[in-house]
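Both backbone and side-chain heavy atoms feed into the values below; hydrogens, waters and symmetry mates do not. Each ligand, and each atom within it, is numbered from 1 in the order the structure gives.
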Amino acid sequence: MNRVEHDADGGVKEKAQTRMPHAAIDHFMGETYASQLLAEACAREADFARTEVTSDEEPRALDLDARRSWTLRGGSALLNRFEAQVRSQADGLLAAVGMAPIADLVLECGLFAHRHGDYFRRHIDLFAAERRRHATHDRIATLVYHLHIQPKRFGGGELVLYSLAGAAGALRLPPEHDRLVVFPAYLPHEVEPVSVPGDAFAHARFSINCWLGRPRG
Ligand SMILES: O=C(O)CCC(=O)C(=O)O
Ligand SMILES: [Fe+2]
């Protein structure tokens with residue numbers, strides 16, 4: 001046994017950090033931004049469509065067994081602002097999960113909503129094996145920025161990180177308003193089912209999901 005496994009509480013955390021490297025940054029964008037983005041999301045409810053996923057066969061298709069959530073279609077100046085903030089801090093965000101800076105960084109960002117009954121089953125964000133031919137870059141790190149009305153009106157929706165070794169533990173992160181979570185794109189994870197009493201769109205679990213990637217040489 002190594003030193004970490006002999007440790008008390010702190011050691012357990014350290015072990016989880018080794019198996020499921022992640023970082024959480026509170027107040028990442030600030031309340032003014034978060035409430036503006038929530039207001040925009042609600043005003044544009046009609047621009048949200050069911051999220052599609054990439055499979056081995058197809059670059060984009062609905063697969064409601066794997067993923068039930070909603071994606072904002074069309075651009076957003078607020079999303080662009082988030083992207084600019086991430087770009088300016090990219091090296092530090094990568095370092096927070098033990099990853100090296102990425103030359104020619106590629107960013108993919110989108111705004112998502114999980115409504116009543118929605119979820120995203122266990123998956124990795126990396127396009128591996130056959131799926132890889134559908135993309136021109138490789139995802140290196142996943143960023144998830146959670147936001148929702150205060151106080152929170154939904155239940156569930158925990159982001160669960162798993163170690164690569166599968167059964168060796170899981171880390172359940174409740175979505176916290178204005179918090180950014182960073183983890184390597186190879187780490188298996190899921191969004192547990194969300195329950196939104198009444199299912200008002202404004203009460204949904206919102207998130208910006210953003211990937212830091214590297215163009216393929
Ligand atoms: O919303 C989340 O917490 C994570 C979503 C996710 O896993 C993804 O979009 O790939
Ligand atoms: Fe994911």
*Do K152 and E176 sit within salt-bridge range, that is, some charged N less than 4.0 Å from a carboxylate O?*
no
*Is the closest basic N to carboxylate O distance between R50 and D118 below 4.0 Å?*
yes
*asked:* Looking at D26, I'd like to know if its CG atom is crowded, meaning that more than 12 non-hydrogen atoms belonging to other residues, nucleotides or ligands lie closer than 6.0 Å.
replied: yes
*Contact residues of ligand 1 (heavy atom under 4.0 Å), by chain and number*: R67, F120, H123, D125, V144, H146, L159, H189, V191, R205, S207, N209, W211
*Would you check if there is a donor-acceptor pair between the side chains of H189 and D125 at a distance under 3.5 Å?*
yes
*the Fe ion (ligand 2): angle it makes with NE2 (H123) and NE2 (H189), nearest 10 degrees*: 90°
*asked:* For the aromatic rings, using the six-membered ring if either is Trp, is the centroid distance between F201 and F48 under 6.0 Å?
replied: yes
*Find, among atoms of D125 that are N, O or S, the one nearest to the Fe ion (ligand 2), and state its name.*
OD1
_We want to know whether R216 and H137 form a side-chain donor-acceptor pair, criterion being a heavy-atom distance below 3.5 angstrom._
no
*Taking the six-membered ring for Trp, are F112 and F206 ring centroids under 6.0 Å apart?*
no
